[in-house]
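Notes for the one structure printed next.
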Amino acid sequence: MTRSYGVVLRIGRLGPRVLHHLLRRIPADVPVTVLRAPGHRLAPHVERCRILEGDSIDAGGLTALARDMAVPALLLCGDDGLIALPAASSSPLAGIGVVRLLPVIGPLYRIDRADRLDRPEHYFGPVLLPVAALARCVGDTPVPLDRWIGHRVVLRAVTAGLPVANLPAGGLVLPSLAQASGADQHRGRMRSRDLLAMAGDAQTEAFAILDAMSDTEDRTLTAKRAVDAALSRLTNRLAATLAPFIPPDRRARPLPPEGRLGILKLDSIGDSVLLTSFLRTLRPWFGGEIGLMASGRVRDLVTRDPRIDRTLLVPVRLPWFAPDEATAWLDATIDQAAAFLEGVGATIIPRLMPDYYLANHIAVLAGVPRRYGLTSPRMPDLTRFNAAFTAMMTDVVTIPAPCHEVEVMSTLMRAIGGGGAAPTSSEPRCDVHLDEVDRATAWTAVPLVAGRTLVALGLGASTGRRRWPVDQVVTAARTLAGRHDLMFALLGGVDVAGDAAAVAQALGSRAYDLTGRLDLRKSAAVLERASLYIGNDSGLMHMAAAVSVPVVEISCHPLTAPDNHENAPYRFGPVGVPHRIVRPAAPADPACAQGCVSRHTAHCITGVSPTDVVAAAETLLARSAPSTALVEYG
């Protein structure tokens, strides 16, 4: 046998286009057998694969496959966590019985917010088994090749006394698409025993806990906690047995300031505005072509940016509520993304948060040789949830402590430029490029009235928890209108038209309801004419700061919550302008101690008082040369 291993891949969710690009990443001399779930469509070019029908296979079937593929070992992969090993991998694999590959974290990492797994970074992805070990590690019962086969097989290997070790270097992980889809958000849809079955050999202990429960107890919550505890013990037990995983050195290396560069920024409006602080320093330094792949909803902001040479805009809808939705989106997007990134020497994924947008998957499947990304040891969601995504990067920029996003962008720029690309000013800021048509539209939409000051009210936000209730908006706006000679521009999308109508009715002739009528740049032009912005943590808030308008941000993040949260103003507040941030003094309930957990409805933000918002607004309206120091009311 001349080949060192063969791949057995169970296909259930991956679409044919993703499979096609994935097979291109597996070395050409590695034989592949695809175990196809019933009804699954395959890629048009799968000549190199042996195709079998079914969801599961036993040790006898795997042994026969290994004999037909002429390999001494099999790499067993589910379609949620896949690896591509380098062709020269036979040497480090010699003599190893079972290899634990780079960590892949599955959707059970957050079964219950109060009881997270102790060490989820030690979850197991695909495993390599010598043919002689198949009977002991897999057994005669057909085993689904899903993401939990790693726990089952490695535990049995440890029990059988087989040598177990980590892959010392190389290899490429495509982590669970269920993980990327935010599957923890719909964890309650699964029955308790289905969750337990996924836990593999931990289920016996968990079933015993269930059987001892009385019928009056909350069986679902207890079942989740039972699985959580059982998996934690199992994972720690296996981790103690295995040799420590030593990842390759992925510290970011400087890029040459030429060639073709791709930026993958599929985030929302506010994140795209914050990206401009990075472009302001990247463009003067980088002399090559800069391409940007972005969400279609930010078209107005990025297509006119002179620092971007070409763009690819794709539809993005988040959050994904099921893995099938995420995989369907990736399958529909990957061909055009791969074409857009063809010939690109490096991609930059400037996102210091979990990769819900599958940007790492796109860069890997497109075959981009260098992939820059961000991580931080101070952010639990990155160290727990994003470990496998970080492993997909070739160059990792580490942010040692929580800081504002523009500081993150500055650190990223210094790493890419080798320290030679300094920020253009001592105070980083963002911008929005407007033209005379945008400004003329703003003059038409909001004609100024002599003696009146224009205040912009931002009514929307990406999630319900960030939206201050409309009755409190009305109270604050009416109070300000009664004390000052103001006029108000109401801004937001069509989704807040009802709220805008209520505010407009309360303010009468002083209000201009522009919700749903303006694109992003024309909204920014209206903001540019205002003396003050009042509103939620949203894209409009960042646009206001980018056009140099003082900001009152109404935040859902409690004053007692930590600064490393995605809602923390410390990380994502207004920058470069005078501002005040009004936050709830305390969380609405204990579950929100780290940050508001509500997604669709206002929760902690209801604790923000209209009196405090009015006080913050009056402070900024009254100051002729206010400081940009962050001041909070609570």
Side-chain angles (χ1 to χ4, degrees), residues 252-295 298 301-313 341 344-353 355 357 359-360 363 368 370-376 382 393 395-400 402-433 520 524 539 541-543 545-548 566 571-577:
R253 301 157 291 168
L255 266 178
E258 57 191 16
R260 300 182 68 192
L261 184 65
I263 300 174
L264 304 185
K265 190 65 172 174
L266 298 169
D267 303 337
S268 56
I269 297 168
D271 296 297
S272 296
V273 175
L274 291 169
L275 178 67
T276 63
S277 67
F278 177 62
L279 294 174
R280 284 166 59 90
T281 53
L282 174 68
R283 180 74 277 180
W285 172 81
F286 188 75
E289 179 192 79
I290 298 177
L292 172 67
M293 181 176 175
S295 167
V298 301
L301 295 178
V302 302
T303 54
R304 299 282 185 91
D305 194 320
R307 297 161 298 199
I308 300 170
D309 298 305
R310 61 192 184 103
T311 57
L312 174 64
L313 301 172
L341 294 172
V344 168
T347 57
I348 299 173
I349 303 175
R351 177 175 169 83
L352 190 61
M353 291 179 67
D355 186 21
Y357 296 89
N360 274 299
V368 180
R370 295 183 67 177
R371 301 175 297 277
Y372 283 79
L374 296 158
T375 191
S376 174
L382 285 175
M393 303 170 187
D395 296 78
V396 181
V397 179
T398 300
I399 307 300
C403 60
H404 197 279
E405 186 74 356
V406 296
E407 297 179 43
V408 173
M409 296 297 103
S410 295
T411 303
L412 176 62
M413 187 65 246
R414 285 192 292 271
I416 290 172
T424 55
S425 67
S426 60
E427 183 183 21
R429 61 170 301 124
C430 305
D431 56 43
V432 175
H433 284 266
L520 294 178
M541 183 266 288
H542 291 294
M543 287 165 57
V547 294
S548 302
E566 63 184 36
R571 292 183 59 198
F572 295 105
V575 64
V577 295

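Closest of all the heavy-atom pairs between Ala545 and Arg429 is O-NH2, 3.2 Å. Scanning all heavy atoms of the two residues, the minimum distance from Ala346 to Leu255 falls at CB-CD2, 3.8 Å.
Rounding to the nearest 0.5 angstrom, the gap separating the CE atom in Met393 from the OG1 atom in Thr347 is 9.5 Å. Here the CG-CZ distance, from Leu374 to Arg351, works out to 11.0 Å after rounding to the nearest 0.5 Å.
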Between Glu405 and Ser277, is a side-chain contact (heavy atoms from CB on, under 4.5 Å) present by the stated rule, with each step listed?
-> CA-CA 9 Å; Glu405 186 74 356; Ser277 67; over 6 Å; no

List the steps and the verdict of side-chain contact (heavy atoms from CB on, under 4.5 Å) for Phe278 and Val406.
-> CA-CA 7 Å; Phe278 177 62; Val406 296; over 6 Å; no

Stepwise side-chain contact (heavy atoms from CB on, under 4.5 Å) test for Ile269 and Met543 = CA-CA 9 Å; Ile269 297 168; Met543 287 165 57; 4.0 Å; yes

Give the C-alpha distance, both sets of side-chain angles, the deciding distance and a yes or no for side-chain contact (heavy atoms from CB on, under 4.5 Å) between Met409 and Leu274.
-> CA-CA 9 Å; Met409 296 297 103; Leu274 291 169; 5.9 Å; no

Show the numbers, then the answer: is there a side chain to side chain donor-acceptor pair (under 3.5 Å) between Arg414 and Thr281?
-> CA-CA 10 Å; Arg414 285 192 292 271; Thr281 53; over 6 Å; no

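Looking at residues two or more places apart in sequence or on another chain, you find a side-chain contact (heavy atoms from CB on, under 4.5 Å) between Thr303 and Arg299, Thr311, Leu313. Arg307 meets the side-chain contact (heavy atoms from CB on, under 4.5 Å) test with Thr276, Leu279, Arg280, Arg283, Asp305, Asp431, His433; sequence neighbours excluded.
The shortest side-chain heavy-atom distance between His404 and Phe572 does not fall under the 4.5 Å cut-off. Between Leu275 and Leu292, the closest side-chain pair of non-hydrogen atoms falls below 4.5 Å. When side chains are defined from C-beta on, Val408 counts as touching Cys403, because their heavy atoms get closer than 4.5 Å. Under the 4.5 Å side-chain criterion, counting only non-hydrogen atoms from C-beta, Ile399 is not in contact with Thr375. Side-chain atoms of Asn360 and Ile349, non-hydrogen and from C-beta on, do get closer than 4.5 Å to each other.
At distances below 3.5 Å, at least one donor-acceptor pair connects side-chain atoms of Arg371 with backbone N or O atoms of Val368.
The 12-atom threshold is exceeded at CZ of Arg253, counting heavy atoms of other residues, nucleotides or ligands nearer than 6.0 Å.
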Could you pull out every donor-acceptor pair under 3.5 Å between side chains of residues 259-266 and any protein atom, sequence neighbours left out?
from	atom 1	to	atom 2	distance (Å)
Arg260	NE	Glu289	OE1	2.9
Arg260	NH1	Glu342	O	2.9
Arg260	NH2	Glu289	OE1	3.3
Lys265	NZ	Asp267	OD2	2.7
Lys265	NZ	Pro350	O	2.8

